[in-house]
Amino acid sequence: MLSVAILAAGKGTRMESSLPKVLHKISGKSLLQRVIDSCVELNPDQIFVITGHKSKEVQESITDNKKIQFVIQDPQSGTGHAIQVLCKAVKKNEGKLLVLNGDVPLIKPETLNKLINLHDSKNANVSLITTKKKNPYGYGRVFLKGDFIERIVEEKDCNDLEKENPLINAGVYCFNWGKLSEIINTLRSNNNQKEIYLTDTISLLNNSLSLEIEDNGELQGINNRIQLSECEESVQNSIKEKHMLNGVTFINKASCSISEEAEIGKDVVIEANTHIRGNTKINSHCTIGPNTFIENSNVGLHCEISNSTVYDSQIIDHIKIGPFSHIRPNSKISSFSKIGNFVEIKNSQLEEKSKVNHLSYIGDSIIGRSTNIGAGTITANFDGQKKHQTKIGKNSNIGANTVFVAPINLGESVTTGAGSVITKDSKDNTLAISRTKQVNVENWEKKKS
Ligand code: UD1
Ligand code: CA
């Protein structure tokens, strides 16, 4: 029987944040969610998440929580206290208990498995992951005696000599839960932080083992925003390396960010300062960027998007967008279309080969195939209370500076005169024009005053 406890009750004082530490994100996913995802891979029998500081917020952040049971630790008197609360809240303290700090987000399931295997094979009372750090500052130092761990001393309780020990406690433990619960209530807070330390269990249990692994970034704990940013960089580097090995070019890798879920096809070029977020798919042969942001969208083959923003939309094949356009949610731009500069499109469908080249707002609209929208066209879709639809049939030519006062429905091959305010529907092959006729006053001279 394998149970997991994730410690997520602390405030994270050193983050200097109103957000609980474990809800800070790395590449779009919270620290806590990352730890949960790693241990779900082990298929444990039960997962406990110990929350305390802003526990409602922390609990609500976990959406898929079928396997998770929350335990509240209030007040938060230290990591050992958190496990005292857990042992009291759970009836049967039996089998193995894997304890993970909620602020060690990059821990891999393979490493957790190694720890469990060592623990089982040696029939240990507690096994924990250690590593030698060049700069061990802030971590608990692990002191060995022969093959066993003798004790762990926290940074704040170390003397100068103890501080020189590079072997640190990663905050990942596997306990024999029965043995742990026999001694858990004997922990005291007689230390410099006046906290009940989980690390003090080590010298109370015998047969305590260390699984020392290479310091490869996986064990980085996050206490402050410098460490948060280091972890972000290391996750981003591995995401980008994966894409580069799969045939994606980055022009200026450091200035770009890519979500873990993003899929990118071969021969895609990602120009500088481009950010691909959420569940986005970029198909082959596209050039994206510079200065482009795409979230939860699908971009087809051979598209070029520069200096633009795209949210929750479908961009089909051979499309050019930008510079400086904004494609807002629920838009579909069909193949061979072109969206030029300073164009905003929202909740609209553009059929194939349509063009909106300059300075336009197209909202709640359906634009037919091969229709050209002239510069400065606006769909006035909001009457102050409700949004209304604009429909323009295929092969139409919309004159510059046309305003469509929606709801409006134009047939196919319709032309509108430049500067028209269109308030009435029109049939196929119509010229719709609504503007005052030009008057030419000939031989007119400005009066001199
Ligand atoms: C802890 C370890 C240290 C180790 C380091 C690894 C202890 C005493 N020290 O130190 O040996 O090297 O992690 O990263 O355990 N938490 C609770 N309830 C509390 C206090 C903390 O749930 O009352 C949670 C926090 O939310 C956090 C985790 O426990 O996720 C670790 O707490 P933190 O205060 O960051 O411990 P460290 O000082 O980093
Ligand atoms: Ca920590």
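Every number for a ligand or one of its atoms is a count from 1 in the order of the listing.
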Side chains of residues 97-115: which donor-acceptor pairs under 3.5 Å do they make with residues two or more places apart or in other chains?
residue : atom : partner : partner atom : Å
D103    : OD2  : K21     : NZ           : 2.8
T111    : OG1  : E218    : OE1          : 3.3
T111    : OG1  : E218    : OE2          : 2.5

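In this structure, the side-chain hydrogen bond (donor to acceptor under 3.5 Å, both in side chains) partners of K67, at least two apart in sequence or on a different chain, are N43.
Here K29 does not pair with E261 in a salt bridge; the nearest charged N to carboxylate O distance is not below 4.0 Å. Ion pair K133/D215 flagged as a salt bridge, since at least one NZ, NE, NH1 or NH2 atom sits closer than 4.0 Å to an Asp/Glu carboxylate oxygen.
Contact annotation: G52 has no heavy atom less than 4.0 Å from any atom of ligand 1. At a 4.0 Å cut-off, not a single heavy atom of E195 sits close enough to ligand 1 to count as contact. The closest approach between H81 and ligand 1 stays at or above 4.0 Å for every heavy atom of the residue.
Inclusion of N101 in the first shell of the Ca ion (ligand 2) is not supported: no N, O or S atom falls under 3.0 Å.
Rounding to 10 degrees, one finds that the Ca ion (ligand 2) sits at the corner of an angle of 90° between D103 OD2 and N223 OD1.
By the criterion of a heavy-atom distance under 4.0 Å, the side chain of N223, and not its backbone, is placed next to ligand 1.
Side-chain contact annotation: Y197 with D157, donor-acceptor N/O pair under 3.5 Å present. S370 and E352 are not linked by any side-chain donor-acceptor pair at a separation below 3.5 angstrom, with hydrogens and angles left out of the test.
Counting heavy atoms only, N101 comes closest to atom 13 (O) of ligand 1 of the residues N101, V153, T130. Comparing heavy-atom distances from atom 16 (N) of ligand 1 across G12, G10, A8 singles out G10 as nearest.
The cationic atom of R328 (NZ for Lys, CZ for Arg) does not lie both less than 6.0 Å from the six-membered ring centre of Y311 and within 45° of the ring axis.
Atom numbering of ligand 1 starts at 1 in the shown order; those under 4.0 Å from a heavy atom of K21 are 35 (O). Near A170, the atoms of ligand 1 lying under 4.0 angstrom from a non-hydrogen atom of the residue are 6 (C), 14 (O). Shown in contact with S77 at under 4.0 Å from a heavy atom are these atoms of ligand 1, numbered in order with element: 23 (O). Interface atoms of ligand 1 facing Q73, defined by a heavy-atom separation under 4.0 Å, are 17 (C), 18 (N), 19 (C), 22 (O), 23 (O). For ligand 1, the atoms closer than 4.0 angstrom to any heavy atom of E154 are 2 (C), 3 (C), 7 (C), 8 (C), 9 (N), 10 (O), 11 (O).
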